[in-house]
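Working notes, beginning with the structure itself.
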Amino acid sequence: MFSHILFLSPLALQAIAFPSHLESRAGPCRKPSVRQEWRNFSKQQKTAWIDAFKCLESKPHDPTLQPVPSAPGLPPMNTTGSLYDDFTYVHINLYPFIHFNALFLPWHRWYLHTLEQLVETECGYKGPMGYWDWTKDASNLKESTMFDGNKKSGLGGFGKANNDFVVKDDAFADSVRSYPSPHTISRNFSETPFDENRFQPTPWIPKTRIRDVVTPGTVQSVINGHQGDFKGFLDAFDIVEGFHTGVHLMVGGDLMDPAISPNDPLFFLHHGMLDRVWYLWQKKSTRNKKAFSGGLTPGLATLEQFLEFRSAGMDPQASLTTPIPNANFRDAVTVGDVLDTESGYLCYVYE
Ligand SMILES: *[C@@H]1O[C@H](CO)[C@@H](O)[C@H](O)[C@H]1NC(C)=O
Ligand SMILES: *[C@@H]1O[C@H](CO)[C@@H](O)[C@H](O)[C@H]1NC(C)=O
Ligand SMILES: *[C@@H]1O[C@H](CO)[C@@H](O)[C@H](O)[C@H]1NC(C)=O
Ligand SMILES: [Cu+2]
């Protein structure tokens with residue numbers, strides 16, 4: 001599943017999508033919202049968060065979404081899908097421009113913020129955004145309390161082999177996702193996701209167990225390292241056998257397929273954690289806070305190129321004025337607008 005995305009033709013990756021209506025969005029941030037660890041949500045808060053996501057499933061497609069020319073394999077847009085589906089579609093469409101390059105962290109920060117705005121403005125949600133601190137679960141991932149089977153407040157567990165791994169015990173069990181074709185989400189746990197062809201080509205990927213990747217020590221060393229060097233930080237953060245990819249592959253099902261992975265609401269809690277790791281690194285020093293660098297073209301044309309450029313991308317180089325690709329969906333902003341979570345355009349902290 002990862003394979004056909006990872007080794008896309010480089011030509012397909014060169015056209016970076018420029019959003020329209022670009023304007024500066026700084027302003028005062030007086031009372032930042034606090035993003036909470038999911039297990040720190042009360043049961044009522046969990047239900048409210050889930051209901052807000054379900055509300056997006058009941059809202060119609062937004063016709064302002066204008067897909068950009070993208071890689072082969074982009075499914076046609078389904079205009080009878082929901083606003084939630086649109087949100088997934090933005091990720092599918094822009095996938096080749098926002099992974100394994102400098103935009104990975106800024107883009108996903110914009111994406112989570114856009115989701116937060118959607119649930120607030122479209123659905124009246126007033127509760128916190130969340131994150132999944134998987135370091136708490138390293139010793140017992142499959143039995144993690146994240147995978148709580150409750151029809152009102154639970155994100156659910158894993159499906160069964162005799163039922164195509166469709167998740168049945170969660171609050172989203174009846175939620176139909178339209179991409180790539182209508183279905184309800186599935187999950188298929190693996191403790192050794194790097195060792196099971198979940199990510200190809202496999203021979204060069206260390207056969208690390210996921211429990212050894214999502215440890216507090218791994219995260220701390222990423223946060224403490226590469227002072228002032230965003231590219232170095234990003235490379236350490238997003239190694240193929242690392243916690244970003246590893247958690248996607250461990251959960252399996254929708255979350256494992258990188259382009260459509262936002263179909264599973266766990267995506268937003270996993271990426272909340274990734275955004276938090278960046279935030280914690282930025283908090284380490286003024287140099288980190290201002291650091292941003294890397295290339296816009298993912299170095300994915302060949303394995304040799306990937307091993308050389310890793311996650312920080314190739315020329316042309318990105319800068320603070322680089323637009324965040326948005327497929328004309330919601331705010332058009334630049335990297336500089338999302339660098340600081342308390343800049344004014346953004347206004348949040350992590351607990
Ligand atoms: C589009 O999405 C809707 C809602 O999920 C679904 O009923 C319909 O079959 C989809 N159309 C196509 C062509 O997949
Ligand atoms: C579920 O995961 C196992 C272990 O990785 C794999 O062998 C199997 O093919 C997967 N099944 C599906 C339907 O994804
Ligand atoms: C959970 O919330 C409590 C109080 O609201 C706070 O003291 C604690 O630090 C939070 N836990 C985490 C993991 O942030
Ligand atoms: Cu992504």
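Just so it is clear, the values below take in all heavy atoms, side chains as well, and ignore hydrogens, waters and symmetry mates. Because the structure is predicted, anything quoted here is derived from the model rather than measured. Note that ligands are numbered from 1 as they come in the structure, with each ligand's atoms numbered from 1 the same way.
Proximity to N188 (heavy-atom distance under 4.0 Å) selects the following atoms of ligand 2: 1 (C), 2 (O), 3 (C), 8 (C), 10 (C), 11 (N), 12 (C), 14 (O).
Using a cutoff of 4.0 Å between basic side-chain nitrogens and carboxylate oxygens, D340 and K289 are scored as salt-bridged. Using a 4.0 Å cut-off between charged nitrogen and carboxylate oxygen, R177 and D85 do not count as a salt-bridge pair.
The set of protein atoms (N, O or S) found at less than 2.8 Å from the Cu ion (ligand 4) reads H91 NE2, H99 NE2, H108 NE2, by chain and number.
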message = Set out, in order, the CA-CA distance, both residues' side-chain angles and the distance that settles side chain to side chain donor-acceptor pair (under 3.5 Å) for E57 and S175, then state yes or no.
response = CA-CA 7 Å; E57 297 164 7; S175 298; 2.9 Å; yes
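Not one N or O on the side chain of H244 forms a donor-acceptor pair closer than 3.5 Å with the backbone of D238.
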Ligand 1: protein N/O within less than 3.5 Å of ligand N/O:
residue, atom, partner, partner atom, Å
ligand 1, 2 (O), N78, OD1, 3.4
ligand 1, 2 (O), N78, ND2, 2.3
ligand 1, 2 (O), S178, OG, 3.2
ligand 1, 5 (O), S178, OG, 2.7
ligand 1, 11 (N), N78, ND2, 3.0

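With a 4.5 Å cut-off on side-chain heavy atoms, L83 and E122 count as touching. A 4.5 Å side-chain heavy-atom check between V219 and W281 finds every atom pair outside the cut-off.
Contact detail for V166 and T184: the closest heavy-atom pair is CG1-OG1, 3.4 Å.
Neither L249 nor F165 shares a network with the other; the hydrophobic side chains, linked directly or stepwise wherever heavy atoms of I, L, V, M, F, W or Y lie under 4.5 Å apart, form separate groups for each.
Sequence neighbours left out, the pairs with a member in residues 90-115 that pass salt bridge (charged side-chain N to carboxylate O under 4.0 Å, His left out) are R109-D275.
When only interatomic distances are considered, the shortest N/O to N/O separation between S190 and ligand 2 does not fall below 3.5 Å.
Taking the salt bridge (charged side-chain N to carboxylate O under 4.0 Å, His left out) definition, one finds that E191 meets it with R211, sequence neighbours left out.
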